[in-house]
Amino acid sequence: MANKYNVQEVESKIREFWEKKKIYKFDKKRKGEIYSIDTPPPTVSGKMHIGHSFSYSQQDFIARFNRMKGNVFYPFGTDDNGLPTERLIEKTKKVKSKNMSRAEFIKLCLKTLKEITPDFIDDWKKLGISCDYDIYYSTIDENSRKISQNSFLELYGKELVYKKEFPTLWCPDCQTAIAQAELEDKEENSLFSTLKFKVMSSSSEENSKNAEDLKNAKANTILIATTRPELLSACVAVFVNPKDKRYKKLVGKKAKVPLFDFEVPILEDESADMEKGTGVLMICSYGDRFDVDAINRHKLDAKLVLGKDGKILDGDYEGLKVKQARKQVLEDLDKAGLIVDKKEISHVVNVHDKCGNCIEFLTTEQWFIKILDKKNELIKQGKKIKWYPEYMFKRYENWVNGLEWDWSISRERHFGIPIPVWYCDDCNEIILADKKELPVDPLQIKKKCPKCKKNAKGEEKVLDTWATSSLTPQIASNIVKGDVKLPYSLRPQAHDIIRTWAFYTIIKSLYHENKIPWDNVMVSGFVTLKGEKMSKSKGNVIQPQEVLENYGADALRFWAASSKLGEDLDYQEKDLITGKKFINKLINASRFVFMNLEDFNGKRPKKLEVIDELFLVKVDELIKSVTERFENYEYSKAKMEVEKFFWNMFCDNYLEIVKKRIYQNKKGKESAQYALYNGLLNVLKLIAPIMPFITEEIYQTYFKKNEKDESIHLSEWPVVSLLLKGNKDSKIAENSKFDKLIDIIVKVRQKKSDNKKSMNSEIVLHISKKEYDEIGDMIEDLKDVTNAVEVKEGRFKVEFVE
RNA sequence: GGGCCUAUAAGCUAGUGGCAAACUGACUCGUUUACACCGAGUAUUCCCAGGUUCGAUCCCUGGUAGGCCCACCA
């Protein structure tokens, strides 16, 4: 091994070795239970970002640990069927999906994906993510399309999918329906305007044909505050609270909508908050979700004023976008003297998570999956899964409890998996695709209505990307022909998509297989920079490619292992440096160990020196603890324990203790060699899941000739019994002797330091009789490490030899 | 407004019902058979208040601050 460690060189050499030898190939015949991982397919976005490198490292620790304990199924996929991909293609290819035919655009998407995906995946390989990249899926490939469309058909058959015309969440910018889970909050400044509505003293007998009378009637005025004056023309009612005495007498009368001069009923409804605004609430179709509820409740007729493009449909404001219309309406109201008060407020509005634009409610025909009547069952499923950290289950539960709509799965997009249905032009019959023809694009295939034999029209909508990515376990299983079944062992993911990916996957596997999708979920946090979430807009982005270039994958992974599961981690350059130092130390210690192992035959000597045996007991304790840590997904503690042990126990103490014995060919040399060899090998194995490159490099350089396994990552996870033989209790008792020895060494070092002497200055050491008796069989070692010419009984004292 | 998480040294983090700890940084010292990307040593600390307890940084209650999710959108 070269003296100077060239990270780039070594890591790419090791990577090539892994690929050539197919170290991470899934082989179901390999012994050991299969630990299956539902790998998150990253959205193809050009480059891996730091958050990816963080969370994928964390799942890889677990994957590698389990590979050494048995067998691992670890596929890789990319998510590339939705809006983000459309946007990426539009941006990189400088095209507008809207201006292209669907077939043309899809062709371009697929072609571009083919170009960019390999480079994209390469970043994962460079990080040392140990997936079997041959078990690969894309959420737009044939297998995925087939499974996704099949899921749709199956759920339709079970009456869990339905189509309905309903006011749904709509993004005017993306021009598609969206799901509740795709909403995000955004703080926005708005003008909160108080408008004058005339109250007509109409009774039930009177109506508008007596216009003359009404005009003469004594017209009261009520004030209504709103942030959405552009929806005035869609006003369908005015609500007051039944308990509100101020407005009691108005109930049953009609209010005249300012500017538009039509009348709407004044109704009592609990939802009107007496404290808010003027206590009077106007209901428009549709300002928000409460308008939707209110209109349904009172069976009011909705008015359609907004088009799918977010523009006003007709009237004086036709063609204006929501915000323009708002401005114009306000100006006109102002001119007419209908505004009593205006104030600037800051409030939170719902925006689409993909584009950040305000959502609207539009009545459109959409496909839904039933979930509202299954809340309890879905929570029950969630409870069967083990969540790491445990409290993440709460987030899931809260989300399920707070659901208000069924899952809207259809999207008005070009690029996506088509919904496999046709509609008869004549009788509107829904014609389903045949399972055998999947995957299918209904726009490409002509069908006839089985009833009236007329031509049927293909559905233009596509499935939302979550409708497909919620099937990743089934998609991956299908690649290996069902060798891996649900439930998987593990779903790794970040906490922001509990309400989407985790939730939807749980729904699908409940509906399709009546199972939980996985036994365990491990939830990663985010990467922050100085406490702030990284984002391109803030410009505080760290590129993992640069980190890999400067420090290497092992150091990056070492950093990623320093945060507890579920917790956000602040990016700190110094952590990378610490990782790099640790790598260096591993290299140097290994070189030193093997410098002294040239005449070592690999066999266990008949008798181990006490100190060596005790050291190996320490290693055993470490193995036991680290194994438990990994089993509980506590990789950060595992890392910390190995790091600490290696640096302090192994290098600073044990190596120092046995140095002289080996240099000077003293008695017990073989015993020390044996302990060094096994101690180092086990430490390497314990840290291998976290730092796969350097451990492999050291294994190949020094251990391979004696060890049977082709790669350290295919070697067996260390087991405790190796060293802890015989009476366990007595070993532990003796073990405290080891600690005692360390205590004395520390005290001697302190004395030397106090006296400004070098660590290898010669001394005569005095220790108490009790100590002397206790560590009696290790006196030679004590002499070696403290450079004492003599150890005497008596009060503790360090005498310096001139 | 509801739920959840977090609060420990200058920084980042472990940890425990009984002398509070690692790493980085600071300071002092040392370095000739792995490593100066090293070794040894020193200093500094448990958010606030109340309770349980012989004893609380840890458990309980309340508060404060920060983060996340949800609700609020007239």
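Each chain gets a letter, A, B and so on, in the order its sequence line appears, and its residues count up from 1.
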Colleague: So, is Trp647(A) close to the C35(B) phosphate, meaning a side-chain N or O under 4.0 Å from OP1 or OP2?
Modeller: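 Negative; the distance criterion is not met.
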
Colleague: Between Arg749(A) and Glu643(A), who's closer to the 5' end of RNA chain B by nearest nucleotide?
Modeller: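 The 5'-side residue here is Glu643(A).
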
Colleague: Check this for me: does any side-chain nitrogen of one of Asp269(A) and Arg297(A) sit under 4.0 Å from a carboxylate oxygen of the other?
Modeller: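 Looking at Asp269(A) and Arg297(A), the cut-off is met.
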
Colleague: Tell me whether the NZ or CZ atom of Lys256(A) lies within the 45° cone about the ring axis of Phe262(A) and under 6.0 Å from its centre.
Modeller: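 Judged by the rule (NZ or CZ under 6.0 Å from the ring centre, within 45° of its axis), Lys256(A) is not positioned above Phe262(A).
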
Colleague: Give a yes or no on whether a salt bridge exists between Asp739(A) and Lys618(A), defined as a side-chain N under 4.0 angstrom from a carboxylate O.
Modeller: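 Salt bridge between Asp739(A) and Lys618(A), a charged N being under 4.0 Å from a carboxylate O: yes.
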
Colleague: Measuring only the C1' atom in each nucleotide, how far is U13(B) from U24(B)? A whole number of Å is fine.
Modeller: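 Result for the C1' pair: 11 Å, nearest Å.
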
Colleague: For atom P, what is the distance between C47(B) and A40(B), given to the nearest Å?
Modeller: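 30 Å, rounded to whole Å.
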
Colleague: Mind checking the P distance from C4(B) to C59(B)? Whole angstroms is fine.
Modeller: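 Rounded to whole Å, the distance is 16 Å.
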
Colleague: Quick check, are the ring centers of Tyr396(A) and Trp387(A) under 6.0 angstrom apart?
Modeller: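 Ring centres of Trp387(A) and Tyr396(A) closer than 6.0 Å.
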
Colleague: If you check every side-chain atom of Phe290(A), which of C68(B), A34(B), C72(B) has the closest atom?
Modeller: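 Within the option list, the nearest is C72(B).
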
Colleague: Stacking between Tyr663(A) and U33(B), defined as ring centres under 5.5 angstrom apart with planes under 30°, is that present or not?
Modeller: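 Tyr663(A) ring centre within cut-off of U33(B) base, planes near parallel; stacks.
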
Colleague: Please state the C1' separation for the pair U52(B) and C58(B) - nearest whole angstrom.
Modeller: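 U52(B) and C58(B) have their C1' atoms separated by 14 Å.
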
Colleague: Are the charged groups of Lys639(A) and Glu641(A) less than 4.0 angstrom apart, N to O?
Modeller: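 Here Lys639(A) does not pair with Glu641(A) in a salt bridge, since their nearest N and O are not under 4.0 Å apart.
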
Colleague: Identify which nucleotide among G39(B), A74(B), A34(B) has an atom closest to any side-chain atom of Arg591(A), counting heavy atoms from C-beta outward.
Modeller: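 Of all the options, the side chain of Arg591(A) is nearest to A34(B).
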
Colleague: What distance, rounded to whole Å, do you find between the two C1' atoms, one in G11(B) and one in A7(B)?
Modeller: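 Their C1' atoms lie roughly 15 Å apart.
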
Colleague: For the side chain of Glu404(A), starting at C-beta, report the closest nucleotide among U33(B), A74(B), A71(B).
Modeller: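 The nucleotide sitting nearest to the side chain is A71(B).
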
Colleague: May I ask you to evaluate whether His347(A) reaches the phosphate of A74(B), defined as a side-chain N or O under 4.0 Å from OP1 or OP2?
Modeller: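 So the side-chain polar atoms of His347(A) do come within 4.0 Å of the phosphate oxygens OP1 or OP2 of A74(B), strictly under.
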
Colleague: What's the closest nucleotide to the Lys581(A) side chain, out of C37(B), A34(B), C72(B)?
Modeller: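 Closest nucleotide among those given: C37(B).
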
Colleague: Aromatic rings Phe650(A) and Phe646(A): how do their planes relate, parallel, tilted or perpendicular, breaks at 30° and 60°?
Modeller: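 Correct class here is parallel.
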
Colleague: If you find the nucleotide of RNA chain B closest to Asn398(A) and the one closest to Gln750(A), which residue's nucleotide is nearer the 5' end?
Modeller: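 Closest to the 5' end, via its nearest nucleotide, is Asn398(A).
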
Colleague: Between Glu268(A) and Lys243(A) (salt bridge meaning N to carboxylate O under 4.0 Å), is one present in this structure?
Modeller: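 Salt bridge between Glu268(A) and Lys243(A), a charged N being under 4.0 Å from a carboxylate O: no.
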
Colleague: What interatomic distance, in whole Å, is found between C1' of C46(B) and the corresponding atom of A56(B)?
Modeller: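 One C1' to the other, the span is 11 Å.
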
Colleague: Do Lys580(A) and Asp575(A) sit within salt-bridge range, that is, some charged N less than 4.0 Å from a carboxylate O?
Modeller: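 The answer is no: the pair does not qualify as a salt bridge.
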
Colleague: Establish, yes or no, whether a centroid distance under 6.0 Å links the rings of Trp170(A) and Phe361(A).
Modeller: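 No, the ring of Trp170(A) stays outside the 6.0 Å limit from the ring of Phe361(A), centre to centre.
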
Colleague: Look at Asp781(A) together with Lys660(A) and state whether they make a salt bridge at an N to O cut-off of under 4.0 Å.
Modeller: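 No, no charged N to carboxylate O under 4.0 Å.
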
Colleague: Between protein and nucleotides 8-15 of chain B, map the contacts as a letter string: B base, S sugar-phosphate only, - none, heavy atoms under 4.0 Å, written 5' to 3'.
Modeller: ---BS-SS

Colleague: Give the rounded distance in Å between these two atoms: CG of Asp341(A) and P of A74(B).
Modeller: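 The distance from CG of Asp341(A) to P of A74(B) comes to 14 Å, rounded to the nearest Å.
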
Colleague: Let's see if you can work this out: which of C35(B), U33(B), C68(B) has an atom nearest to the side-chain heavy atoms of Arg395(A)?
Modeller: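 So the side chain of Arg395(A) is nearest to C68(B).
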
Colleague: Can you tell me if Arg246(A) uses its side chain to pair, donor with acceptor, with the backbone of Met274(A) under 3.5 Å?
Modeller: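 Answer holds: yes.
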
Colleague: Please state whether the phosphate of G39(B), meaning OP1 or OP2, lies under 4.0 angstrom from any side-chain nitrogen or oxygen of Lys585(A).
Modeller: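 It does, given that an N or O in the side chain of Lys585(A) lies less than 4.0 Å from OP1 or OP2 of G39(B).
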
Colleague: Whether Asn584(A) contacts A34(B) is assessed here as follows: a side-chain N or O lying under 4.0 Å from the phosphate OP1 or OP2. Is that the case?
Modeller: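 Answer is no, no contact under 4.0 Å.
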
Colleague: Between A65(B) and C48(B), how many Å separate the two P atoms, rounded to a whole number?
Modeller: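 That atom pair is separated by 15 Å.
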
Colleague: According to the Watson-Crick and G-U wobble definition with distances under 3.5 Å, which dot-bracket string, read 5' to 3', encodes RNA chain B, using [ ] for crossing pairs and | for pairs with another strand?
Modeller: (((((((..((.(....[..).)).(((((.......)))))....(((((..]....))))))))))))....

Colleague: Considering only the P atoms, how many Å lie between A9(B) and A21(B), rounded to the nearest integer?
Modeller: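 Straight-line distance between the two P atoms is 14 Å.
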
